[in-house]
Amino acid sequence: MRQATTILTIDTSGQGLVDVTAQVQRWTRDQRMAEGLLTVFCRHTSASLLIQENASPDVRTDLEAYFARIAPESRAYLHDDEGPDDMPAHLRTALTQVQLTIPLIDGRLALGTWQGLYLFEHRRRPHRRTLALHLIGS
């Protein structure tokens, strides 16, 4: 049994879903493990992770619109230290996830045909986000 870890840095351009599948797959492939389990952990409270359809961009547009409706910017929040998008970003993160676990089978992430890994940026301005990757396997 072996373990490998790394930190990936992802630059976002503001709110939206950023496809990180290729970067994660590349690092995983470089570890030369055949079987195992990959954990991807987002080290932020105003961004999150999703496994989502990677074929139709309409899915991403609809997801972003949905989260804007259920956690809108508002002056009603007490927490607005970094602006009006601060608390809605925390709510959107709380409603999604900051950790994903993906099986590694035959040296490949066991993602479905139309599945991609996405960093979901919940803040309006660009950010530099970091993802911690941990692969355990053989």
Side-chain angles (χ1 to χ4, degrees):
M1 191 67 61
R2 289 183 32 224
Q3 295 188 60
T5 60
T6 196
I7 302 293
L8 289 183
T9 301
I10 310 295
D11 290 321
T12 70
S13 58
Q15 284 179 343
L17 290 147
V18 179
D19 190 341
V20 297
T21 311
Q23 296 102 305
V24 172
Q25 285 177 327
R26 186 177 317 109
W27 178 83
T28 303
R29 191 172 38 251
D30 289 348
Q31 304 319 300
R32 302 192 190 290
M33 292 188 202
E35 310 293 328
L37 196 60
L38 174 69
T39 299
V40 182
F41 180 76
C42 180
R43 299 168 35 153
H44 304 277
T45 60
S46 57
S48 58
L49 296 167
L50 293 177
I51 293 177
Q52 200 45 254
E53 178 179 324
N54 62 6
S56 172
D58 290 341
V59 171
R60 294 186 296 278
T61 301
D62 287 341
L63 280 167
E64 292 165 16
Y66 174 76
F67 278 95
R69 283 193 308 276
I70 65 170
E73 291 187 19
S74 168
R75 295 186 186 273
Y77 301 119
L78 296 176
H79 178 72
D80 65 354
D81 295 355
E82 297 178 54
D85 66 336
D86 196 1
M87 191 61 209
H90 294 300
L91 292 171
R92 294 169 190 178
T93 298
L95 293 170
T96 52
Q97 55 214 350
V98 295
Q99 176 178 303
L100 300 173
T101 305
I102 305 126
L104 181 70
I105 301 171
D106 293 328
R108 300 184 63 183
L109 294 176
L111 293 171
T113 302
W114 306 113
Q115 287 183 320
L117 305 175
Y118 291 89
L119 172 66
F120 199 172
E121 175 61 68
H122 300 301
R123 301 298 304 272
R124 279 191 272 134
R125 67 179 177 82
H127 280 78
R128 176 161 284 171
R129 302 300 192 174
T130 56
L131 304 178
L133 277 56
H134 176 236
L135 180 62
I136 185 165
S138 58

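Residues: numbered from 1 along the sequence shown.
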K.L.:
Are Leu100 and Val98 linked, directly or through other ILVMFWY residues, by side chains that come within less than 4.5 angstrom of each other?
P.N.:
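Result: no, two separate clusters.
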K.L.:
Mind checking whether Leu91 and Leu63 sit in one hydrophobic cluster, side chains of I, L, V, M, F, W, Y counted as touching below 4.5 Å?
P.N.:
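No, Leu91 and Leu63 fall in different hydrophobic clusters.
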K.L.:
Any side-chain heavy atom of Leu49 sitting closer than 4.5 Å to one from Gln99?
P.N.:
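When only atoms from C-beta onward are counted, Gln99 and Leu49 do not touch, as no gap falls below 4.5 Å.
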K.L.:
Please find the pair of heavy atoms, one from Ala47 and one from Glu121, that lie closest to each other, and give the distance.
P.N.:
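Minimum heavy-atom contact is CB-CA, 4.4 Å.
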K.L.:
How long is the span from the CG atom in Asp11 to the NE2 atom in His127, to the nearest 0.5 Å?
P.N.:
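Here the interatomic distance stands at 11.5 Å.
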K.L.:
So, taking the atom named CZ in Arg128 and the one named OG1 in Thr12, what distance separates them when rounded to the nearest 0.5 Å?
P.N.:
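It comes to 10.0 Å.
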K.L.:
Closer than 3.5 angstrom, by distance alone: can the side chain of Thr93 be matched with the main-chain N or O of Thr45 as a donor-acceptor pair?
P.N.:
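Pair found, side chain donor or acceptor close to backbone of Thr45.
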K.L.:
So which atom in Ala71 and which in Pro88 form the shortest heavy-atom distance, rounded to 0.1 Å?
P.N.:
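Heavy-atom minimum between the residues: O-CB, 3.3 Å.
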K.L.:
Has the side chain of His79 got a donor or acceptor atom that lies under 3.5 Å from a matching backbone atom of Tyr77?
P.N.:
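No, His79 side chain to Tyr77 backbone: no donor-acceptor pair under 3.5 Å.
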K.L.:
Could you pull out the closest heavy-atom pair between Pro57 and Ala55, with the gap in Å?
P.N.:
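Answer, listing the atom of Pro57 first, then Ala55: CD-O, 3.4 Å.
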K.L.:
For a 4.5 angstrom cut-off between non-hydrogen side-chain atoms, does Asp86 reach Arg123?
P.N.:
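Yes, close enough: below the 4.5 Å cut-off.
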K.L.:
Enumerate donor-acceptor pairs with a distance under 3.5 Å from any side-chain N or O in residues 103-119 to protein atoms, sequence neighbours excluded.
P.N.:
from	atom 1	to	atom 2	distance (Å)
Gln115	OE1	Gly112	N	2.7
Tyr118	OH	Glu53	O	3.4
Tyr118	OH	Arg60	NH1	3.2

K.L.:
Does the pair Leu50 and Gln97 meet the rule for a side chain to side chain contact (heavy atoms under 4.5 Å, CB included), with working shown?
P.N.:
CA-CA 7 Å; Leu50 293 177; Gln97 55 214 350; 4.2 Å; yes
K.L.:
Could you walk me through whether Val20 and Leu131 pass the side chain to side chain contact (heavy atoms under 4.5 Å, CB included) check?
P.N.:
CA-CA 10 Å; Val20 297; Leu131 304 178; 4.3 Å; yes
K.L.:
Using a 3.5 Å distance criterion without hydrogens, assess whether the side chain of Thr101 forms a donor-acceptor pair with backbone atoms of Thr39.
P.N.:
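Here the side-chain-to-backbone pair does not exist.
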K.L.:
Could you pull out the closest heavy-atom pair between Arg2 and Arg32, with the gap in Å?
P.N.:
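Taking Arg2 first and Arg32 second, the nearest heavy atoms are NH1-O, 3.7 Å.
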K.L.:
Does Gly83 offer a backbone N or O that forms a donor-acceptor pair with the side chain of Arg124 under 3.5 Å?
P.N.:
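A pair under 3.5 Å: no.
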K.L.:
Measuring only between side-chain heavy atoms, which start at C-beta, is Ile102 closer than 4.5 Å to Ile51?
P.N.:
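Contact flag for Ile102/Ile51 side chains = yes.
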K.L.:
As a quick check of understanding, evaluate side chain to side chain contact (heavy atoms under 4.5 Å, CB included) for Arg43 and Ile7, giving each step before the final call.
P.N.:
CA-CA 10 Å; Arg43 299 168 35 153; Ile7 302 293; 3.1 Å; yes
K.L.:
Quick one: closest heavy-atom pair of Thr28 and Val24, and the distance?
P.N.:
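Of all heavy-atom pairs spanning Thr28 and Val24, the closest is OG1-O, 2.8 Å.
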K.L.:
Quick check: closest heavy atoms across Arg129 and Ser46, and the distance to 0.1 Å?
P.N.:
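Between these two residues, the closest heavy atoms are NH2-OG, 3.1 Å.
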K.L.:
Taking the side chain as everything from C-beta on, heavy atoms only, tell me whether Leu133 gets closer than 4.5 Å to Leu135.
P.N.:
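A side-chain contact under 4.5 Å is absent here.
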K.L.:
Within the 4.5 Å heavy-atom criterion, are Thr130 and His44 side-chain neighbours or not?
P.N.:
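In short, these two side chains touch, coming nearer than 4.5 Å.
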K.L.:
Who else is in the cluster with Met1 when I, L, V, M, F, W and Y are joined by side-chain contacts under 4.5 Å?
P.N.:
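Grouped by the 4.5 Å side-chain rule, Leu37, Ile136 form the rest of the cluster around Met1.
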K.L.:
When you measure from the side chain of Glu64 to the backbone of Leu17, do you find a donor-acceptor pair of N or O atoms at a distance under 3.5 Å?
P.N.:
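At least one qualifying donor-acceptor pair exists.
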K.L.:
Stepwise, does the side chain to side chain contact (heavy atoms under 4.5 Å, CB included) test hold for His122 with Ser48?
P.N.:
CA-CA 8 Å; His122 300 301; Ser48 58; 2.8 Å; yes
K.L.:
Can you tell me how far the CH2 atom of Trp27 sits from the CG atom of Leu8, to the nearest 0.5 Å?
P.N.:
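If I round to the nearest 0.5 Å, the distance is 8.0 Å.
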